[in-house]
Asker: 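Sharing a structure here in structure tokens format.
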Amino acid sequence: DQQVKQNSPSLSVQEGRISILNCDYTNSMFDYFLWYKKYPAEGPTFLISISSIKDKNEDGRFTVFLNKSAKHLSLHIVPSQPGDSAVYFCAASAHPPPIIIQGAQKLVFGQGTRLTINP
Amino acid sequence: NAGVTQTPKFQVLKTGQSMTLQCAQDMNHNSMYWYRQDPGMGLRLIYYSASEGTTDKGEVPNGYNVSRLNKREFSLRLESAAPSQTSVYFCASSGRSLFGTGVRFVDIQYFGAGTRLSVL
């Protein structure tokens, strides 16, 4: 049972336009969400995160939106650049470690979406 | 500035052989993880270690064992490799980091470059 789903295996966007990557989840216990970016032959790298107490988080060209009622999140990249071409994974966890005590964070990943930015 | 280092990068095994994947981090993180990535499946958690001296099963632990050797190192062992264990394996460690603008802490997992394993 796939608890985190990215239904689009691939997405192609023109340079300078907006890229929108989508992610759905089924587990209502998830309350912390992250996006990772992965280049070939490298490990995933953290991009942006959002807690369930917020519905939007912005960091430069990247914005993540969370719709808890629909159990849906999306990543917006504006403007898209050729270096953004990569595989993007969304991930979710329940109850992130409390602020004072750091502990393991069990992430559930989606299948990934391959984003290609065309010049 | 190594981060998370995995060895080896590539390995080919025959069915029934054993091997250990090594992982080391230099970020003084308490928690470490092993994932496998298969086509169309995303990353799935095999085992994790919340702190030195503890290990716990993840989503797909069957056929694997782990050892948290010390705070830096977390190894994954395949005792009797099977073709179903052909995959790309990623090690990660996590800690709280200041990220982006302003004073904002997030929990981030940092990943190694992966080990591509084929079992024939």
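Letters go in sequence order (proteins before strands), and every chain restarts at 1.
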Asker: Are any side-chain N or O atoms of A:Gln81 and backbone N or O atoms of A:Gly83, one a donor and one an acceptor, separated by less than 3.5 Å?
Answerer: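 Absent.
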Asker: Identify the heavy atoms of B:Phe90 and B:Gly112 that sit nearest to each other, and give their distance.
Answerer: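 Answer, listing the atom of B:Phe90 first, then B:Gly112: CD2-O, 3.5 Å.
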Asker: I'd like to know which of A:Ala91, A:Pro44, A:Gly60, A:Pro9 tops the heavy-atom pair count under 4.5 Å against chain B.
Answerer: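 Result: the option with the highest number of such pairs is A:Pro44.
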Asker: Let me see the working for B:Asn65 and B:Ser67 under side-chain hydrogen bond (donor to acceptor under 3.5 Å, both in side chains), right down to the final yes or no.
Answerer: CA-CA 7 Å; B:Asn65 286 302; B:Ser67 296; over 6 Å; no
Asker: Taking side chain as everything from C-beta outward and backbone as N, CA, C, O, which of these in A:Gln2 sits under 4.5 Å from a heavy atom of chain B? Side chain, backbone, both or neither.
Answerer: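 Interface part for A:Gln2: side chain.
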Asker: Tell me, side chain or backbone of B:Leu45 under 4.5 Å from chain A's heavy atoms, or both, or neither?
Answerer: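 Side chain only.
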Asker: For B:Gln6, is it the side chain, the backbone, both, or neither that has a heavy atom closer than 4.5 Å to a heavy atom of chain A?
Answerer: neither
Asker: Check the surroundings of atom CZ in A:Arg61: do more than 12 heavy atoms from other residues, nucleotides or ligands lie under 6.0 Å from it?
Answerer: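 Yes.
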Asker: Most heavy-atom pairs under 4.5 angstrom with chain B, which of A:Val4, A:Val87, A:Leu107, A:Thr45?
Answerer: A:Leu107
Asker: With ring-ring contact (aromatic ring centres under 6.0 Å, His included) as the test, pick out the partner of B:Phe111 among B:Trp34, B:Tyr35, B:Tyr33.
Answerer: B:Tyr35
